[in-house]
Amino acid sequence: MADLKDRYLVTAALPYANGRLHVGHIAGAYLPADTFVRFLRLMGKEAHFICGSDENGAPITFSAMKNNCSPQEVIDKFHNIFDQSFKGLGINFSIYGRTHSDYHTKVSQDFFKTVHEQGHIQKHTTEQVYCSECKMFLPDRYIEGTCYYHDCGKTGARGDQCESCGRTVDATKLKDPVCMVCKMQGRPGTGCIEVKETAHWYLRLDTFQEDLRKYIDTHPEWRESVKRFSYGLLDQGLNERAITRDLSWGIPVPLEDGQDKVLYVWFDAPIGYISFTRQYFESIGKADEWKEFWCNEENGLLHFIGKDNTVFHAVMFPGMLLAHGGYRLAGNVVANEFLNLEGNKISTSRDYAVWVDEYLEHFSPDPLRYYLSAIAPEASDSDFSWKDFQQHNNGELADNLGNFIQRNVAFCNKYFDGIIPERKNKTEAGDKMLQEIEDARKEIGELLSEFKFKFALERMMRFSQRANQFFAEETPWQSRKTDMDACGSTIHIGLLVLEAMSIVMEPFLPFSSAKLRAMLNVAPLKGGEWNQPLTIKAGEKVGTAEVLFPKFDDDLIQPRIDDLNK
RNA sequence: GGCGAGGUAGCUCAGUUGGUAAGAGCGACGGAUUCAUAACCCGUAGGUCGGCAGUUCGAAUCUGCCUCUCGCUACCA
């Protein structure tokens, strides 16, 4: 088994509180993180799971404007939706914090102040686009105008990039600029834009260029995509990077001349991992324990993210931590690629997505967890398709795994009155199956500890398939008429397989695992069971067989497809 | 434009460092069986691994060119 540490802190990317969660978010960060944490606990390891809502920044204020409400109402709304979606999928954080909290604000400001005192932050004055109607500086993306490149000249160019020619543009140079924030509120948006000077603070990432390279160098085990991307950035050379913004909604810059400025959300968001950790350990009466994970390299610290966050987790946040000087760096940044939907890009703004809250109105969580692990975008982008979802559920969960559970428990009830029979016949086939149990535990564990969730799940299904093979070859439905000892031995082993299955499936299918254990009459999992002896004993009673994985008919799937095409 | 990822059996995809890896799952076809959610189990199906050229005793796996798809290009997160 890959060398696991005894104690871990696992973080999952903070979801931004201006839109619901969709399957892409889940597949990218939360599900693999949750799966890994569950696995660690079954291995008897200590694991804390940190996440929270990312609640600062411009888009939230604009979202509030659009909906005629306050930013606070926006973040409250999404915080609650996130919370319910996570709970509904069985993604259970040790703490789910909020970056708009006082606690986080203070930790972030202290962090900024320390880095500032170390001399790694510099102040510069630049020119930015300002709207005299909105009385605010505009993020580049909220300015539209005519592209100033001679060979383009198209309208509709945004302040960050021209949609037509694809080039990066300087927002202050756009012709006929229009304020989109004004337009959002029904004003014309023209004639109100000017270019004004404003001061901002910059993090000298360039100072840590070589330290960051060494950091990546010491982690050859990271996923190729993360390393490649990080080296790409380092090869280009790191620049100083603005870490403040002219905004009203966010964490105030803790400097005397920092009035009306807030920290850039990507500066404060990763600090959330730290502040939430501290908050969590305080809440359980171990106020200093957070240092075990943030200052002590002996223990595990892992970030699970989608690939769009790689730059922040593999370069910028480590740079921040180095600049601060009081922290260790993460042991791994586990990034996933993107999930497409029916061959197209998932799009929040166009409402083209499978939303978690809507999914949960129609289905139970485990089939989604299963499917998203089966198509996990670990090495390259992958595609969510409802038909494929149906196929995986029906053909694998229901027909193979679910059916094996069903046929064993039902058989035990039907022909042994639900009393677990003894294994009186020690056959070679039986020994092989028992060995297969141990092989499965070991190999699935190895794959999980290497973050190969897709392979681990495949291995789990092969275990299920081998169990079905064993059952078919032993033909207990025949031996029950001629040799009850042989028959009972087969069922005994089958039930042992089920108990082992309830353990190895738990990281992927926690709800079904709990149901299965209840069905088998074995104690709920409490940690450490992965490598412990199984507890099924002859003479004890099992419950009645229950269908764990119903099949999904077309009439359940088709409406979901129709929904997308609306 | 620059950087990057892909184009492998009908479909979805695996393929560490070049040489019994041309593979899996599903679909399809045939067989066996009845304990089970008409489930399970067994067997079959042959795709010149996008195109061209090259390096090599030998390449899906290395190099160059071509073609197609896609992502990123950092101050929205």
Side-chain angles (χ1 to χ4, degrees), chain A residues 13-19 54 56-63 126 128 137-142 158-161 165-168 171 200 202 205 224-225 228-229 232-233 235-236 238-246 264-267 269 307-312 315-316 337-338 340 343 345 348-349 374-375 379-383 385 387-388 391-392 394-415 454-455 458 461-462 464-480 487 490-491 494 545-551:
Chain A
L14 309 188
Y16 193 62
N18 76 334
D54 180 6
N56 296 313
I60 284 166
T61 63
F62 297 144
S63 190
T126 59
Q128 299 275 314
F137 285 94
L138 297 174
D140 289 348
R141 169 183 187 174
Y142 292 91
R158 285 200 324 216
D160 51 351
Q161 188 177 33
C165 63
R167 278 174 290 209
T168 305
H200 280 295
Y202 292 74
L205 274 179
E224 284 303 319
S225 58
R228 216 168 20 229
F229 188 77
L233 292 169
D235 290 346
Q236 286 171 42
L238 300 178
N239 300 315
E240 55 179 17
R241 191 164 169 145
I243 53 171
T244 59
R245 291 289 185 274
D246 288 296
Y264 174 40
V265 288
W266 266 116
F267 188 81
K307 70 173 169 186
D308 50 334
N309 285 349
T310 306
V311 59
F312 300 106
V315 176
M316 187 164 154
E337 307 298 298
F338 280 155
N340 292 317
K345 251 185 101 165
T348 300
S349 56
I375 62 166
S380 59
D381 293 355
S382 65
D383 191 47
S385 132
K387 276 300 200 186
D388 198 38
Q391 238 170 31
H392 277 268
N394 294 1
E396 294 169 18
L397 273 187
D399 288 350
N400 201 299
L401 178 56
N403 183 238
F404 181 69
I405 294 168
Q406 181 79 357
R407 69 198 303 202
N408 265 280
V409 178
F411 200 105
C412 184
N413 274 296
K414 201 162 166 185
Y415 299 110
K454 204 196 298 197
F455 286 152
E458 271 178 27
M461 286 312 297
R462 200 158 76 241
S464 172
Q465 192 190 347
R466 296 224 172 123
N468 269 314
Q469 284 169 356
F470 170 74
F471 201 94
E473 282 163 13
E474 293 296 293
T475 60
W477 57 89
Q478 285 176 359
S479 59
R480 77 170 173 86
C487 178
T490 300
I491 298 309
E546 172 197 351
V547 171
L548 282 189
F549 305 107
K551 294 201 197 191

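Treat the numbers as computed from the prediction; the structure is a model and nothing was measured. As a basis for the values below, the full set of heavy atoms in this structure was taken, side chains included, without hydrogen atoms, waters or symmetry mates. A, B, ... follow the sequence lines: proteins, then strands. Residue 1 opens every chain.
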### Message
Can you list everything that forms a salt bridge (charged side-chain N to carboxylate O under 4.0 Å, His left out) with Asp140(A)? Sequence neighbours excluded, please.
### Response
none
### Task
Report the distance from atom CG of Asn340(A) to atom P of rG71(B), rounded to the nearest whole Å.
8 Å
### Task
For rC72(B), take OP1 and OP2 only and decide whether either is under 4.0 Å from a side-chain N or O of Lys345(A).
yes
### Task
Give one of base, sugar-phosphate or nothing for Val265(A), where a contact means two heavy atoms less than 4.0 Å apart.
sugar-phosphate
### Message
For the C1' atoms, the ones on rC62(B) and on rG18(B), what distance do you get once it is rounded to whole angstrom?
### Response
8 Å
### Task
Please determine if a side-chain N or O atom of Lys414(A) lies less than 4.0 Å away from the OP1 or OP2 oxygen of rA36(B).
yes
### Query
Taking the side chain of Gln465(A) as heavy atoms from C-beta outward, which of rC72(B), rC41(B), rA39(B) is closest to it?
rC41(B)
### Task
Would you indicate which nucleotide in rA77(B), rA74(B), rU37(B) comes nearest to any side-chain atom of Ala398(A)?
rU37(B)
### Query
Which dot-bracket string fits RNA chain B when only Watson-Crick or G-U wobble pairs with both atom distances under 3.5 Å count, crossing pairs get [ ], and | stands for a partner on a different strand?
(((((((..((((.........)))).((((.........)))).....(((((.......))))))))))))....
### Query
If you look only at pairs with a residue in residues 395-408 of chain A, which of them pass as a salt bridge (Lys or Arg N to Asp or Glu O under 4.0 Å), with sequence neighbours excluded?
Asp399(A)-Lys551(A)
### Partners passing side-chain hydrogen bond (donor to acceptor under 3.5 Å, both in side chains) against Glu240(A) (at least two apart in sequence or in another chain)
His124(A)
### Task
Check whether any side-chain nitrogen or oxygen of Tyr202(A) sits under 4.0 Å from OP1 or OP2 of rC75(B), and answer yes or no.
no
### Query
Looking at rU37(B), rU33(B), rC35(B), which one has an atom nearest to any side-chain atom of Arg480(A)?
rC35(B)
### For Lys387(A), all residues meeting side-chain hydrogen bond (donor to acceptor under 3.5 Å, both in side chains), sequence neighbours excluded
Gln390(A), Asp554(A)
### For Arg241(A), all residues meeting salt bridge (charged side-chain N to carboxylate O under 4.0 Å, His left out), sequence neighbours excluded
none
### Summary
To the nearest angstrom, the CG-P distance between Asp54(A) and rA77(B) comes to 9 Å
### Task
Check whether any side-chain N or O of Gln469(A) sits under 4.0 Å from OP1 or OP2 of rC42(B), and answer yes or no.
yes
### Query
Are Lys551(A) and rA39(B) close enough that a side-chain N or O sits under 4.0 Å from OP1 or OP2?
yes
### Task
Could you work out the separation of rU8(B) and rA60(B) based on their C1' atoms and round it to a whole Å?
7 Å
### Query
rC35(B) base stacked by Phe411(A)? Criteria: ring centres under 5.5 Å, plane angle under 30°.
no
### Query
OP1 or OP2 of rC76(B) sitting under 4.0 Å from any side-chain N/O of Thr348(A)?
no
### Message
Quick check for you: among rC41(B), rU37(B), rC75(B), whose closest atom lies nearest to any side-chain atom of Asp399(A)?
### Response
rU37(B)
